Every structure is written in C-alpha cells, then in structure tokens.
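Predicted, not measured: the structure shown is a model, and the values here were computed from it. Labels below follow one simple rule: chain letters A, B, ... track the order of the sequence lines, proteins then strands, and each chain is numbered from 1.
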Amino acid sequence: MKERFWLLDVNYEIRDNHPEIWIWGISEENKRILVIDRSFVTYFYLVLEEGETPGIVVERAMQRKNEFPYIARLEPSKLKLFGKPLDVIKVYCQNPDLIPRYSKALSKIEGVRKCLEDDIRYSMRYLVDNDITPCGWYEVEVENTNGRPLIQIDKVCLARSVPKRVQREETPQLRVLGFSMICYSQKGAPKPEKNPVIILAVATNYGEEKQLVAENRNDKELIESFVEFVKSFDPDVVIGYGTNRQHWQYLLGRSAKLGMKLHVDRVGTEPHTSLYGHVSIRGRANVDLEDFADEFPDVKVKTLENIADHLGVMRLQKRTIIEDVDLPKYWDDPNKRPMVLRFAEENTKCIMGIFEAMSDFAMQLSQLVGLPLDQIGRAAVGFRVEWYLIRNARRIGELIPERKERPYIPYAGGAVLQPKPGIHEHIAVLDFKSMYPNIMIEQNISPDTYVSPSEPQPQSGVNVAPEVGHRFRKDPPGFYKMVLSNLLIARDEIRRKFKGLETKSIEYRVLDARQKAIKVITNAAYGYAGWIGARWYVKPVAEATTAWARNIIQNTIDMATNTGLDVIYGDTDSIFIRYDREKTEEFCKVIERKIGLEMKPDKVYSLILFTEAKKRYCGLLPNGKLDIVGLEVVRGDWADIAKDTQEGVLELILKERSPSKATKFVHKLILNLRERKIPYRDLIIWKTLTKPAEGYAIKAPHVEAAKILKEEGWDLTVGDKIGYVIATGSGRLYERVKPYMLASYEAVDVEYYVTNQIIPAASRILSLFDVKEEDLLPKSSTTLFDFISKD
DNA sequence: GCATGAAAAATACCC
DNA sequence: ACGGGTATTTTTCATGCG
C-alpha cells in the first residue's frame with residue numbers, strides 16, 4: 001500500500017534497542033499520519049593513519065567485536081576530505097545512541113587517526129542519506145500497524161520503502177494554533193515557582209479564539225484548559241513569540257509546580273529542549289516567530305508589536321500595549337483589566353498574522369536547507385548554510401569534516417572608496433550581481449580546490465588570487481562552484497516562472513518565498529567560508545574571494561574613469577557614477593565582457609548627499625523618496641528625536657535645497673523639546689546588551705540601566721535591547737541613566753538631548769552647508785549678549 | 001588634583 | 001555562533017601642568 005504525505009517533522013525513538021525513525025506527515029486526504037521506518041542503520045567513519053591498510057585495521061577492530069555488540073559491519077571505503085582522496089572504514093551501528101561511545105573507543109584502535117561524521121544525529125542522517133527534506137511531498141510503501149495507543153494521530157504505519165520525493169508544490173491544509181501568555185508578578189520578572197499565568201490567549205487558523213483567564217490567580221484550570229484546547233484542536237504547527245526562550249519553560253515550570261503534566265504533543269510527553277535550544281513538541285512543529293526576527297533588519301527593537309507593525313499585520317497606533325512593569329497594576333484595577341485582556345488578544349492576533357506573512361519563507365527555507373520546520377528558525381545562518389552543504393557533499397563523495405576550535409586570524413575584506421562630500425546630481429549605482437558567489441564560481445574557489453603552498457602545481461593548472469597569491473585548481477569544478485551555480489540557476493529559473501503570475505496568487509507567493517530562501521543561502525556562503533566555526537573553514541577561500549573582488553572593483557573604477565565616467569563613491573561591489581544612460585549601458589557591457597561578471601545599474605538618484613564619511617549617505621530617488629544609508633536616521637541606537645531631526649533636515653536640504661529652512665526646523669524642534677512637547681518615547685535610547693552586565697570592561701550607560709532593572713527583579717539576557725533615558729544630575733552619563741519605564745519626563749535632562757542627540761544628528765548634514773553647531777541652537781529672546789549689554 | 005587628548009571599548013551600521 | 005570595513009560615542013588612561 002502506498003501513502004502520499006507532506007513531511008511535517010521527524011524524530012527517532014529507540015524501542016528494545018532498535019531505532020525507529022518517526023516521520024510525521026499530512027496525507028493527501030488531509031489525514032495526520034505517522035510513518036515508522038525501522039530499517040535504517042546509521043554509521044560513522046574511521047579515518048586511517050598514513051600508510052595503514054584498511055583490511056588490517058578492520059581485522060583489529062573485529063578482534064574486539066564483543067566490546068561493540070551493536071556494530072553491524074565494517075566496510076572499507078574510499079571518499080574525499082577537502083577534495084583529497086581518503087581511505088576510511090564505514091562503521092555501521094545498530095544503536096545510534098551508542099555512537100559517541102563507540103567512536104571514542106574505536107578511534108583508539110591502532111591505525112585509526114580519528115572518526116568522522118559521528119556527530120550527525122540519527123534523524124538528520126536519515127533525511128540526508130535518503131534525500132528527504134521537510135515541508136515537501138513524499139510517497140512511501142507502507143503496511144498498517146497498531147498497538148501504539150498513546151499517539152494522537154489518524155493513522156500509524158510501517159515504512160516498507162524509503163520515502164520518495166513527489167513533485168507537488170502546495171502546502172496541505174495545516175492546523176495552526178497560536179498563543180500568547182501573560183503572567184502575574186507584583187514586582188520584577190515572573191517566576192514559575194511563585195507567579196501564576198493569568199492569561200493564555202489562544203487562536204487557530206480555523207477562526208477559533210479563546211481567552212483562558214485565571215480570575216483569582218489560580219492557573220491550574222487555565223493550564224488544564226490549554227492542554228485540553230491543544231488536544232482537541234490537534235494542531236500541526238504551534239506558534240508564539242518568545243516561546244522557545246520563555247513560554248514553554250514557564251508553562252513546564254508551572255505544570256511541575258501544580259503537579260500536572262503539560263501534554264501538548266501527539267505522543268503524551270512534555271515539550272523538551274532539543275538541538276539549537278529549540279523546544280520540541282513531538283508530532284507537531286513548534287515554531288517561535290521570534291527566531292525569525294533577524295529577517296527584518298529594519299525593525300530595530302524586535303518586539304512582537306514592532307514586527308507586526310512592520311509587516312502591516314497590526315499598526316502600532318491601533319494597538320493596546322502594556323509595559324511589563326504596569327501589568328500587575330492594570331490587572332488589579334477593574335477598570336483597566338479589560339485592557340490587559342485586549343493586549344493579550346491582540347498579541348495572539350499579531351502572532352497569527354506574522355506567521356501568515358512568513359510561513360511560506362520558513363517552509364521554503366526548511367525545504368531547501370533540510371532542517372525541520374521547528375528547527376530552521378533557531379539555526380543560525382552559518383548552520384543553515386552548513387546543512388545545505390552537508391546534503392550536497394554526499395553527491396560528490398566528500399566527507400563531512402569535524403567541527404573544531406581554531407585560532408582567529410583576520411584577513412582583508414572589500415574595498416571602500418572615499419566619497420566626494422557634498423550634493424551630486426544624477427548619480428547611478430552600478431552593482432556587480434552576486435559578486436562573491438560569482439567570483440567563487442569563476443575562479444573555482446572552494447575548500448576542495450585549494451592548493452596549499454606545499455603542494456605541487458596540479459595538471460589542470462591553477463587560478464592565482466591577486467595580492468594574496470592563493471592557488472585554486474582550475475579543474476575539476478569544486479564543491480562551492482557546483483553548489484553556488486545550482487543555487488544561482490535555480491533562482492533565475494524561479495524568476496522566469498514569475499512572469500505571467502499574479503503577485504497575489506499562491507504560486508507566486510510560494511515561488512517568491514523559495515527564491516528568497518535561495519538568496520539567503522547564496523549570499524551567506526562567502527560568510528560561511530570565512531567563519532572559523534565552519535566545518536569547511538579554509539581561510540584562503542574567503543581571503544582569495546575578497547582579494548579578487550578588490551582587484552575587480554579597482555579595475556572597474558579605472559575603466560570607468562578612462563571612459564569619462566566620474567566615480568563618486570563605491571563599496572565592495574558597487575560604483576557610484578554620474579549617470580549618462582548610453583555611456584552607462586555601454587560601460588556595463590564592456591565590463592561584463594572583460595571581467596566576466598554581470599554588472600547592472602541598480603538605483604539612479606536625482607540627488608545624492610555625501611558627508612566625508614564612508615558608508616553614510618542620503619539619496620533622493622526620482623519618486624521623491626529619500627534613501628538613507630548608514631546615517632543616524634537608520635540607526636537603532638539614537639533617540640527618535642535625533643533621527644526625526646536629521647530626517648527633516650535631509651528632506652529640506654534635498655527637496656528644497658534650503659539650509660536655512662533646515663536650520664529653522666532644528667530650532668523649532670529644540671524649542672519644542674525644551675517645552676517638553678516632544679513625546680517621551682522619542683527620547684528613549686535603545687542599545688543591545690552584548691554580554692552579561694558584569695562582563696563589561698567599562699561602565700556603559702545601557703549596562704548601568706540594565707543593572708538597575710536587574711535590581712528591580714527583571715531578568716535580562718545577552719541580546720536584550722535596553723531602553724533608557726538620560727536624567728538630570730551631575731557626573732558621568734552612566735550615572736544619570738534611567739530605564740525608560742522607571743523614569744518620568746520631569747526627570748529627563750532635556751539639554752542632553754539637545755547637545756548630544758539633536759545637534760550632532762543635524763550638524764552631521766548641515767555642517768556641509770557652513771551651518772555651525774552654535775547656529776543650530778535657537779536664539780532665545782534674551783541672549784547672553786543682550787543680558788550683558790543691558791547694564 | 002585636574003584639564004586635555006589619545007586610546008580603548010562598545011555598538012550598529014554597509015555590503 | 002556567517003565575513004571584514006567603517007563611523008561614532010563614551011569611558012578610560014596617560015600626560016603635563018602647577
């Protein structure tokens with residue numbers, strides 16, 4: 001009997017010392033099925049010492065066979081490591097949990113140098129070896145089984161074949177449950193040992209909404225109802241915001257305290273923390289949308305409400321938001337309690353909306369990279385690239401290198417030109433398309449094509465990187481060349497398919513999500529190559545890529561100059577030139593022909609303003625919009641008042657060409673601030689805590705603010721954004737810092753914001769037009785001069 | 001002891 | 001827990017002066 005299904009999640013179990021792969025899927029008939037595969041035997045490799053014969057080492061291992069009862073067989077094999085042929089022995093092991101112990105013991109056998117691939121988890125090994133990726137359709141030969149009564153599922157069957165990929169694009173009708181949670185704590189962060197959950201706001205993509213409330217702070221029933229709700233809806237995907245970091249741990253803590261079990265999975269166990277610090281719920285995909293927050297670099301403070309606002313899910317102006325510090329007060333006030341309920345309800349609405357907006361991307365990324373949907377968000381970019389590489393390594397017989405600690409040695413990156421300060425008219429930005437990936441392809445740069453200085457010149461010849469002199473085999477094509485070309489081709493194909501599709505159609509949305517996923521991995525490949533934590537780390541690979549890039553951009557600049565195109569600025573893979581349509585188009589063609597990389601005009605600015613600094617400019621686009629790069633406006637660590645000032649100044653300078661209007665605009669803002677007419681929230685400065693508060697070498701303002709919050713009982717961890725304001729008083733800045741939710745407007749040192757926020761941000765632009773810092777201060781009716789001259 | 005300027009620490013950006 | 005290049009602010013340190 002055949003079963004067709006969409007792969008939701010995978011895990012493994014060991015039953016009577018026999019491993020089982022559990023594949024959770026949704027069938028074509030929209031049934032929830034569990035396919036159990038008992039046939040997969042996992043393995044790892046022994047790498048031999050130089051000059052050892054595989055057969056002899058196998059014999060040595062066989063002599064100690066009784067020490068390793070779960071080894072099925074030993075198989076000499078020839079594979080490659082970093083492109084070099086290597087004799088290995090493949091060790092099949094019937095119990096995956098014994099691999100760490102066995103590999104440790106076997107690596108001590110005479111003639112064995114080390115083990116490889118002993119750190120690949122059983123369930124991932126199964127997916128990789130059988131070319132199965134999550135979030136796709138499969139067909140498998142099965143037989144029915146029973147006797148697994150604890151499992152909440154429509155059907156359990158045993159696999160009689162390996163699941164085979166079926167070409168089918170659509171996502172099945174998934175059941176998605178989202179929830180948000182509010183706990184009650186009089187002071188500081190809630191602790192599960194003492195503080196109850198007071199609200200669980202639950203919603204489903206089938207339109208059900210429920211507010212579970214612990215009226216008298218007794219949350220036993222609330223959690224029971226939650227478990228009941230989950231069980232009856234039986235979701236495939238459970239979503240929330242901050243669930244991996246907080247909510248599941250909290251709910252588990254509460255359940256333990258109340259003497260109950262949090263059975264929200266399909267097997268009857270509790271959620272457990274697993275790989276990459278993600279919380280796993282058997283049979284369901286637990287997706288924490290916070291793990292995808294990094295996909296939105298424009299959102300500086302990555303709260304649920306800010307991301308929802310950014311995606312247009314729910315506008316900030318329309319939201320009910322209650323600060324953590326105010327929650328107990330609001331809850332205990334009968335007039336304000338409804339606001340807390342609305343807050344929770346809206347949080348869950350935002351969660352549902354954000355998932356709707358980005359689930360396609362998450363699923364496409366999961367499918368491309370091969371990590372299950374519940375892990376893909378948590379995995380850092382480097383690991384996403386690495387899993388994609390691992391899958392492709394198999395195709396070329398390349399072993400997966402071990403992960404090891406290495407010393408950090410810096411190397412040179414991209415070239416950045418000194419801009420010509422001032423306003424320039426009619427400027428085009430010419431970009432090399434996917435420069436680093438294309439250089440790697442063009443020069444065959446790869447961990448497996450690198451020819452170290454001690455090696456002789458290979459027959460195929462080598463490409464030699466400029467400046468650094470690293471050599472790469474010309475032939476055969478390397479690992480990266482294969483992987484990157486495939487990614488670039490796949491992306492181009494998708495873009496071709498776009499044509500003729502409605503942007504709102506499901507097909508378009510899925511294709512768009514896939515091309516975004518491909519782009520993310522392609523662009524991250526270079527960064528991966530230079531990451532010392534990478535399994536395939538080879539410093540010359542990264543170093544040669546940037547060396548070639550510098551060489552190419554310099555040649556491009558020279559050619560542009562010789563063509564009579566004025567180069568105003570450039571950064572890594574781009575040049576900014578005075579725009580002349582015909583000349584530019586011709587120039588791009590010449591570059592493509594001579595350099596072999598595609599170059600295209602990206603943006604054309606009617607006007608562009610540069611200060612003396614690199615990486616900071618503001619362009620005026622033909623549609624009248626400002627494109628602000630690097631300046632305070634786009635930085636998250638300046639108060640909004642400073643950012644708004646600078647943006648206003650830029651508008652007046654570029655659209656009205658009026659430094660005097662801009663100066664008056666600054667005066668007005670300063671006067672408003674001095675009268676405290678500017679909203680308090682525009683004075684908050686946000687900075688990230690990048691290490692534990694105690695670990696800092698100096699006393700920094702945001703760290704001192706964090707310490708105050710800690711004193712008040714709030715939990716802060718690395719990565720948290722600290723919002724603070726500067727209060728009046730004497731001494732260093734860090735002595736006058738207050739967390740914004742613990743300070744009042746009256747306490748704020750308005751003059752700090754004038755001198756250290758507004759003036760610098762405005763002056764950055766206006767100093768180009770001979771406006772001095774003192775000119776930016778509004779002239780008061782009685783100046784010091786008036787005052788003195790009066791007597 | 002204090003003003004001053006350079007160096008170091010820290011952060012967030014660009015591509 | 002992907003790279004290097006860069007600007008900027010605030011703290012800290014070194015130095016010279018008296």
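Taking only side-chain nitrogens and oxygens, A:Tyr752 comes nearer than 4.0 Å to OP1 or OP2 of C:dT10. Contact check, A:His702 against B:dA10: no side-chain N or O comes under 4.0 Å of OP1 or OP2. A sub-4.0 Å separation between OP1 or OP2 of B:dA12 and a side-chain N or O of A:Thr688 is present. Taking 4.0 angstrom as the limit, A:Arg378 places none of its side-chain polar atoms (N or O) nearer than this to OP1 or OP2 of C:dA1. Side-chain nitrogen and oxygen atoms of A:Tyr388 include none within less than 4.0 Å of the OP1 or OP2 phosphate oxygen of C:dC2. Look at A:Tyr617 and you'll find a side-chain N or O under 4.0 angstrom from OP1 or OP2 of B:dC15. The shortest distance between the side-chain N/O atoms of A:Tyr734 and the OP1/OP2 oxygens of C:dT12 is below 4.0 Å. In this structure, A:Arg635 does not reach the C:dA7 phosphate: none of its side-chain N or O atoms is under 4.0 Å from OP1 or OP2. Between A:Lys699 and B:dA10, a side-chain N or O to OP1/OP2 separation shorter than 4.0 Å is absent. Of the side-chain N and O atoms in A:Asn756, one or more sit less than 4.0 angstrom from OP1 or OP2 of C:dT10.
Aromatic rings of A:Trp686 and A:Tyr740 (six-membered ring for Trp) have centroids within the 6.0 Å cut-off, being under it.
For the pair A:Lys614 and A:Tyr569, the cation does not sit on the ring face, since its NZ or CZ is not both under 6.0 Å from the ring centre and inside 45° of the axis.
Backbone-only contact: A:Arg764 has heavy atoms under 4.0 Å from sugar-phosphate atoms and none from a base. Using a 4.0 Å heavy-atom criterion, one finds that A:Trp536 contacts no nucleic acid atom at all.
Nearest to the side-chain atoms of A:Pro701 among the listed nucleotides B:dT11, C:dT10, C:dT8 stands C:dT10. Residue A:Ala697 has its side chain nearest to B:dA10 when only B:dA10, C:dT9, C:dG3 are considered. Residue A:Lys687 has its side chain nearest to B:dA12 when only B:dC14, C:dT12, B:dA12 are considered. Here B:dA10 is the nucleotide among C:dT10, C:dA7, B:dA10 with the atom lying nearest to any side-chain atom of A:Lys691.
Computed from coordinates, the A:Trp638 CH2 to C:dT9 C1' distance equals 7 Å when rounded to whole Å. A:Arg616 places its CZ atom 12 Å from the P atom of B:dC15, with the value rounded to the nearest Å.
Nearest heavy-atom pair across A:Trp548 and A:Val464 is CZ2-O, 3.3 Å. Residue A:Tyr734 comes nearest to A:Lys699 through the heavy atom pair CD2-O, 3.3 Å, listed as atom of the first residue, atom of the second, then distance.
Heavy-atom nearest nucleotides on DNA chain C were determined for A:Ala415 and for A:Asn523, and the one closer to the 5' end corresponds to A:Asn523.
With A:Glu290 as the fixed residue, the salt bridge (Lys or Arg N to Asp or Glu O under 4.0 Å) test singles out one of A:Lys302, A:Arg245, A:Arg378: A:Arg245.
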